[in-house]
> 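Sharing a structure, written as structure tokens. Questions coming.
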Amino acid sequence: MSEQRSVADKLRAEYFDLLPEMRRVAEQLETLVRHHLLVVTLKLSTYEFVDVANRLKACDSAVDSLRRRQQAGFFDEAKFETYSLLSLKDLVGIKVMAFPPRRVEDVESAILPNFLGWTLDPIPPAGSGEPNLGTKLYGYCTASQRVRAEIQIVSMLAGQFLNVEHAAIYKPAPNLRGAVKTPELMEKRRQVFAALREFEEAFEQVIRESIEN
Amino acid sequence: MNDQPSKRQLLRNAGYRYNFDRMIYMNRHVKKIFSFEAVDDNSVEWLSDRIAEPNPGSEWVLYFNGPLSESVRRQLLQELQ
């Protein structure tokens, strides 16, 4: 007689069932975002950048993400049927990175009016210890009414830091995502993002003064 | 300005260590556990009182925001052994 499947087993099976739909969402959303961004990207100066990338949450990362939301990070096997990866709001992600900072504002102006039905993630209040990781919004596109996607608009250096952090730490060991909630790390992380932002703003100021002269 | 010791410092001074995978503060000597949310959502006074409460038995005492299901409680205690 076979053993009963665990919640994680069930979620892994669900992931591969959803994967084709996730790919369609990523393709549609990236294309839409790039289309809406043309008003910005066609006017960029040589030193300015707007980068658009999509990512599908990996299977282990998706299961772990849902697990971390449970009490003490354990699935309750008695609620086996209630768990679904569809409750995650970022199975598919589109990250838009822009430099210099004023281009981040242009990107927001180009994107946000076209996603009015989507939910904006609130910016963490000052003093909360949470870094401001730019604008995030969540919703569905016509490619799927089940798989939710996230659009994140962030400055270039902050976005690249997130990429490096993910590749170096979380991709090899998804469970380390919980470590970032450790108060010491939250404060260090907030300082990193504040420093990157200051650097970008100073850089932009130098460029602007150079052009004006 | 807040001159009270931080909750984190209170826990550290009382011998609690943070387990980021479970998002709990735990002290194996006194067999007590606080969830991250419980610490976050309650006052310094609440935390200080709960830390001071003796644990007379040999069972773990768990401070979570809501009751833990039997399955989760079992998995957690099993992991702690």
Side-chain angles (χ1 to χ4, degrees), chain A residues 3-11 60-83 87-88 122 124-131 165-166 168-191, chain B residues 1-28 31-44 46-48 50-51 59-81:
Chain A
E3 279 186 27
Q4 195 182 352
R5 284 195 312 167
S6 68
V7 172
D9 291 337
K10 175 202 159 185
L11 293 174
D60 283 352
S61 172
V63 173
D64 203 65
S65 182
L66 194 57
R67 181 191 62 76
R68 283 197 313 275
R69 288 162 169 74
Q70 313 309 315
Q71 279 193 315
F74 286 110
F75 289 120
D76 183 350
E77 298 290 338
K79 296 180 183 166
F80 183 88
E81 292 301 331
T82 64
Y83 295 112
S87 63
L88 297 176
S128 68
E130 294 271 355
E165 188 184 36
H166 183 262
I169 302 174
Y170 306 134
K171 199 172 172 74
N175 66 319
L176 289 185
R177 276 214 177 269
V180 86
K181 291 286 182 188
T182 309
E184 290 91 335
L185 284 185
M186 274 177 69
E187 177 54 22
K188 294 293 179 199
R189 204 161 177 259
R190 193 196 58 72
Q191 289 172 7
Chain B
M1 193 173 152
N2 186 0
D3 57 0
Q4 290 180 310
S6 73
K7 296 174 188 173
R8 172 93 179 148
Q9 200 55 49
L10 265 178
L11 287 159
R12 191 180 281 272
N13 291 347
Y16 287 81
R17 295 293 173 262
Y18 186 63
N19 177 328
F20 65 79
D21 202 33
R22 298 287 157 228
M23 292 184 76
I24 54 175
Y25 295 92
M26 57 185 287
N27 181 328
R28 285 188 178 275
K31 297 188 104 172
K32 283 161 77 170
I33 289 175
F34 292 89
S35 75
F36 182 88
E37 289 81 12
V39 172
D40 208 30
D41 292 350
N42 287 286
S43 66
V44 174
W46 176 89
L47 181 61
S48 190
R50 299 292 88 72
I51 289 174
E59 299 292 312
W60 283 86
V61 178
L62 311 178
Y63 298 97
F64 281 74
N65 275 349
L68 283 184
S69 76
E70 193 44 48
S71 157
V72 170
R73 187 183 177 87
R74 191 178 58 248
Q75 292 179 78
L76 179 59
L77 296 181
Q78 200 169 20
E79 193 173 89
L80 292 174
Q81 284 173 356

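Chain A is the first sequence line, chain B the second, and so forth, proteins listed ahead of strands; every chain is numbered from 1.
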> For B:Asp21 and A:Arg67, run side chain to side chain contact (heavy atoms under 4.5 Å, CB included): C-alpha distance rounded to whole Å, both residues' side-chain angles, the deciding distance at 0.1 Å, then the answer.
CA-CA 10 Å; B:Asp21 202 33; A:Arg67 181 191 62 76; 3.0 Å; yes
> Is the number of heavy atoms from other residues, nucleotides or ligands under 6.0 Å of A:Arg68 CZ greater than 12?
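More than 12 within 6.0 Å, yes.
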> Would you name the heavy atoms of B:Ser71 and A:Glu77 that are closest together and state the gap between them?
OG-N, 3.4 Å
> Chain A contacts: which residues in residues 74-81 of chain B have a non-hydrogen atom closer than 4.5 Å to it?
B:Gln75, B:Leu76, B:Glu79
